[in-house]
Amino acid sequence: MFRVLIADKLGKAGLDRIQSAQDVRADVRTGQSKAELLKIIGDYDAIIVRSATKLDADLLAAAKQLKVVGRAGVGVDNVDVRAATARGVIVMNTPEANAIAAAEQAMALMLAASRYTVQSHSLVKEGKWDRSAFTGIQLYRKKLGLIGFGRIARLVATRAQAFGMEVVAFDPYVSEEVGQEVGVTLVDLNELFEQADYISLHASQSPETERIINADTLSRAKDGVILVNSARGALVDEAALAGALKSGKVRAVGTDVYSKEPPTPDNPLIGLPNVVHTPHIGASTVEAQRDVSIKIVDQVLDALRGDDFRNSINVPFQVGPDYATVLPYMTLAEKIGALHFHMAPAPIRRVEVELRGEAIEDMTRPVAAALLKGLLESFLADVVNYVNAPVLAEEHGIAISQSKGLSAADYANVISCRAHWNDGNRVIAGVLFGGRQPRIVQVSHHHLDADPTGPLLIMLNKDVPGVIGQVGTILGAYEVNIGEWRMGRNRPGEEALSFINLDSEPPAAALDALNKVPAITKLKFLHL
Amino acid sequence: MRWSRYLHVFFDCDSTLTTVEGIDVLATNAGLGERVKELTQAAMDGLIDLDEIYGERLQAINATRGEIRALREVYKRHAVEDAAAVVSMLMKLGHQVYIISGGLYEPVREFGVSLGVPVAHIRAVGVDYDKLAGEWWRRRETGIDHKDDRYLDYRKGSLAVSDGKADIIGQLLSGCSGRSLLVGDGTSDLRAARAVDLFLGYGGVVVRAAVERDAPVFMRCPSLAPVLVLAAGPAMLCKHDHANPELVRKAVELVTSGALEFRDEPLRTKFERAWAANHGP
């Protein structure tokens, strides 16, 4: 039975859904103080929040059972994602559910800023009637510049086109074809500022986009430009924008977001006559809230059940419908990681990974995370999962990189990994048979076909007559049955490598006896 | 005299459609400008084989996917005069337009698409990235690519060697009818001349001695407009219902003032007769 804490107000549709799940006990406890949360958070496998609950490092440290944080919405500023990641806690949000609401809000602000909707409303409400004071401008035949061209911006583009606007966009990470599909020309930032009659912000917050609207960029904008921000307050230098509004450079502004929310009274935009304000309600529609509540509940439950991790922001790879295809390769990678740990003569300092083959070349990150998990959980007492494995690897001084040409193993889809220690290295390569069964096909220069599953003896021996018989006899004497014996050797008489699958764990005395066989140069028992 | 049109028009990218050399831009950004520029120059001049230096330059630059991707903007900003208009007009006239480049695929493709060239007609050198560079686990992955991935290796193939463009052109033309024209500035373009019916050496950005000497036609004006005349033929340009009459006027003026330098005498004669028949006094 999974226990889920719903710490902020969640839409009814989502609540109904989680409460009807058979394998979940969901408690709704909204408005809790940090002290109250600290007392109870340790009992829960998952917690669903909106923006009110602040999940800081202290709370995450106390959340011993916690596996998933679900944010019903987009921004995760209220969650210490770094701390969650180090603890292996998945953080997920619902980036898509708000998109239409956000796009419509941008349009609403654009229209309201153009037509004095708010200012004229106030006057009429006060009983005044002045039609001449409110001559607005039309969107029709104006050029809209979108900064950021993701999902929401594309929705804004099609809506603006319906108003007869020409749309250009700046987004260095979007392909020209995407723009052409929706009739939007991708331009550089300078061109956008020079050409746009309206500018609408849709970029995520990053060092590249913070204060992208500033005194310098505004000076390059057309006189009388209208700016709309329904994305992030940090994208705008508010003082510079206020200056441009006062000078008339910027005709009007519609903003749903602020550098600090709620905005402090000294926010330079507050009180200016040609600004339309809304209190960060871009996502606040009945439909969006319903969709968000359903989506976050489904995502959290899927993640708890291990079915899927979509919209996780800290699982180090994209997961979704193809997770079922990736999973067997991740299992194989975990086994390669564990084998490396057990076979390395000294602490591993660096691993190189190569994925060769059309079916797997896009799986680098999930495979790398799984490989590190297999390697680390062989010696770490902490919980290691796909979320924290890369962090823990870094903390333990294990670097990882992608490489090419590691293995010559001639298979369609092969995962190869070279582990380096201070004075040596080893390549282990594996494949899946029949799409599911892990097989080790190369260890150093030995080529073989071994099943890395269950109790396993790995043995290096001189290739002389009688070794197999002696090993069989010793294990037989201790009633350990051999399930499978796979051997690789390059030439008769040289060193041979064996993977011997056992049906049960051999007692220490059996291993001692095996170690005394003169032809055996190295022997390692492990359980994979 | 009739000038048969060249249905298939192949353009090189760097120093032909755009005034920059993409790899040199990356090198300059990485603080390795001079060294890499010398290598590129030597390869373009045919002094060393491209395949010898291709990987070496990219390894030294060690660019991220984001830096490589950002070349698109540099390409677009430095597009050669009239490049987009010429591509657009050629396509309107029913020509097949291609870009064959030894540059890096992603920015060349994006630049090409922005000019209106179909993606299926764009060939350049693909790159593999190290998706495990830096703090890869902290990045929100969108799709399979991320801007902080670092260069790992280039995809070996015909375009990363000095003598490889002919193969690619041959593949693209396989099964197609119609004559072909290649426009380019470098010796790798000159060497691919055998794969097409006509090679136009372009010296509007950089003049390379071997190309200037050996190309059957050479052009050194900063605008690509005269390409229209060669590709579509003087007769086509006499029609008055063009979508872009200004471009046609410019092309005619440039050709009239000698923009096309013929090294091949029979070709010159043929062209001059065709030109005179349509634009003569």
Side-chain angles (χ1 to χ4, degrees), chain A residues 76 81-82 85 93 95 150-151 170 172-180 185-191 204 206 208 311-320 351-355 361-369 371-372 386-394 399-405, chain B residues 55 58-59 62 64-79 84 99 105-120 122 126-156:
Chain A
V76 286
V81 178
R82 201 168 263 262
T85 305
N93 63 354
R151 180 182 300 269
F170 165 72
Y173 304 114
V174 164
S175 155
E176 300 280 336
E177 292 155 276
V178 170
Q180 289 181 355
T185 308
L186 292 178
V187 295
D188 70 24
L189 200 56
N190 280 335
E191 290 176 282
S204 56
S206 73
E208 292 162 330
N311 295 331
S312 149
I313 60 161
N314 63 343
V315 174
F317 43 86
Q318 195 183 37
V319 277
V351 287
E352 295 173 80
V353 188
E354 178 182 18
L355 281 76
E361 60 188 10
D362 293 339
M363 298 181 186
T364 306
R365 286 179 185 159
V367 161
L371 210 140
L372 292 173
Y386 302 137
V387 175
N388 64 0
V391 182
L392 294 173
E394 188 190 43
I400 187 163
S401 63
Q402 204 178 333
S403 198
K404 272 180 101 171
Chain B
L58 289 169
Q59 282 295 351
N62 193 26
T64 63
R65 190 194 293 268
E67 287 161 357
I68 289 177
R69 194 176 282 178
L71 270 183
R72 134 171 91 171
E73 298 302 334
V74 182
Y75 278 155
K76 283 167 75 175
R77 213 165 36 244
H78 293 93
I99 297 176
Y105 179 67
E106 191 173 354
V108 171
R109 181 194 64 197
E110 295 297 327
F111 175 52
V113 169
S114 78
L115 294 176
V117 179
V119 174
I122 300 172
V127 161
D128 289 320
Y129 293 93
D130 179 359
K131 292 172 188 153
L132 306 176
E135 292 195 335
W136 53 278
W137 61 90
R138 295 209 196 283
R139 298 177 207 143
R140 183 76 187 269
E141 203 168 354
T142 49
I144 53 156
D145 54 353
H146 197 284
K147 65 187 170 70
D148 293 332
D149 296 345
R150 278 211 179 265
Y151 170 80
L152 178 64
D153 199 5
Y154 69 98
R155 306 236 170 116
K156 314 279 184 296

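To find a chain, count down the sequence lines: A is the first, B the second, and so on, and within it residues start at 1.
No donor-acceptor distance shorter than 3.5 angstrom exists from the side chain of B/R69 to the backbone of A/P172, with no hydrogens or angles considered.
The distance from the NZ atom of B/K131 to the CD atom of A/E361 is 7.0 Å, given to the nearest 0.5 Å. With rounding to the nearest 0.5 Å, the separation of NZ in B/K147 from CD in A/E208 is 4.0 Å. Atoms OG and CG, on A/S403 and B/D153 in that order, are 9.0 Å from each other to the nearest 0.5 Å. Rounding to the nearest 0.5 Å gives a distance of 13.0 Å between CZ of B/R150 and OG of A/S401. Atom CD of A/E354 is separated from atom CG of B/D128 by 9.5 Å, given to the nearest 0.5 angstrom.
Residues A/V174 and B/E110 share a closest heavy-atom pair of O-OE1, 4.4 Å. The heavy-atom pair separating A/E394 from B/W137 by the smallest distance is OE1-CZ2, 3.6 Å.
Only the side chain of B/E73 has a heavy atom closer than 4.5 Å to any heavy atom of chain A. Within the 4.5 angstrom heavy-atom criterion, only side-chain atoms of A/V353, from C-beta onward, approach chain B. For A/L189, no part lies near chain B; criterion is any non-hydrogen pair under 4.5 Å.
The shortest side-chain heavy-atom distance between A/T364 and B/W136 does not fall under the 4.5 Å cut-off.
For the ring pair (Phe, Tyr, Trp, His ring centres under 6.0 Å) test, no residue two or more places apart in sequence or in another chain qualifies with A/F170. Remark: A/E176 pairs with B/R72, B/K76 by the salt bridge (charged side-chain N to carboxylate O under 4.0 Å, His left out) rule, at least two apart or across chains.
Top candidate by heavy-atom pairs under 4.5 Å with chain B, chosen from A/A369, A/S175, A/A389, A/A368, is A/S175.
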